[in-house]
Amino acid sequence: EDQVTQSPEALRLQEGESSSLNCSYTVSGLRGLFWYRQDPGKGPEFLFTLYSAGEEKEKERLKATLTKKESFLHITAPKPEDSATYLCARGTSYGKLTFGQGTILTVHP
Amino acid sequence: SAVISQKPSRDICQRGTSLTIQCQVDSQVTMMFWYRQQPGQSLTLIATANQGSEATYESGFVIDKFPISRPNLTFSTLTVSNMSPEDSSIYLCSVSVADTDTQYFGPGTRLTVL
């Protein structure tokens, strides 16, 4: 069964306080690990795709990494505009995505 | 990436009625999908919209409740039939382009059923 588990459910940071979000997933049949950002009332915005253990991708203050069973989204020196829900999803055959429950990130000025 | 629009952006409907949601993409895409996001929840795949053939539904979703059309490579519709308050959700379409696995999402349709 496809499973994606994200932690923590919610994270409150002060501006500039770096941290990481975790995503663990079932490995069998994995075809990509995806990170999205979702703002209230909007559709998810694509951030990263990772395929291989050891792979890393960066975009501004965000860096996504992948191990054999987990992925991390590192946020360096966050700003209030980084506040959003961050979703992790595993890809399977036929292009399907199974999403985790998300981490609600709030960054206080 | 692709630019995706959905209509309507939101609607309030009465129990027992049906609503058709449209998804339009600005370029031809390989795959189109429909998701549901219930209040406070994450996204759940409803079905894959197949061009020129019947949609492929996920466990727990049936064609009679969620009929889907995809007449060409840039357009799809999802109908929510015989609605009940439990159908109140955000409905999202997504697309993947060319040979990539990445999905891009539309802005969503917020449906409230009274």
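Sequence lines set the chain letters: A, B, ... in the order given, protein chains first and strands last, and positions in each chain run from 1.
The one candidate from A:Thr65, A:Thr5, A:Asn22 that meets the side chain to side chain donor-acceptor pair (under 3.5 Å) condition with A:Glu70 is A:Asn22. With B:Asp87 as the partner, the side chain to side chain donor-acceptor pair (under 3.5 Å) test is satisfied by one option alone out of B:Arg36, B:Lys65, B:Arg15: B:Lys65. With respect to B:Thr109, the side chain to side chain donor-acceptor pair (under 3.5 Å) criterion is satisfied by exactly one of B:Arg10, B:Gln6, B:Lys7: B:Gln6.
A donor-acceptor pair is defined here as one N or O able to donate and one able to accept, closer than 3.5 Å; no such pair exists between the side chain of A:Glu17 and the backbone of A:Leu13.
Of the two parts of A:Lys96, the backbone and the side chain both hold a non-hydrogen atom closer than 4.5 Å to a non-hydrogen atom of chain B. Residue contact with chain A, scored on non-hydrogen atoms closer than 4.5 Å, is absent for B:Ile90. Using a 4.5 Å cut-off between heavy atoms, B:Ser96 does not touch chain A at all. Using a 4.5 Å cut-off between heavy atoms, B:Glu58 touches chain A through its side chain atoms alone. Heavy-atom distances place the side chain of A:Leu87, and not its backbone, under 4.5 Å from chain B. No part of A:Glu45 comes within reach of chain B, as not one of its non-hydrogen atoms sits under 4.5 angstrom from that chain.
Using a 4.5 Å cut-off on side-chain heavy atoms (C-beta onward), B:Val25 and B:Phe75 make no contact. Contact check for A:Leu33 versus A:Trp35: side-chain heavy atoms found under the 4.5 Å cut-off.
Contact tally against chain A (heavy-atom pairs below 4.5 Å) for B:Gln103, B:Gln41, B:Gln37: the top residue is B:Gln103.
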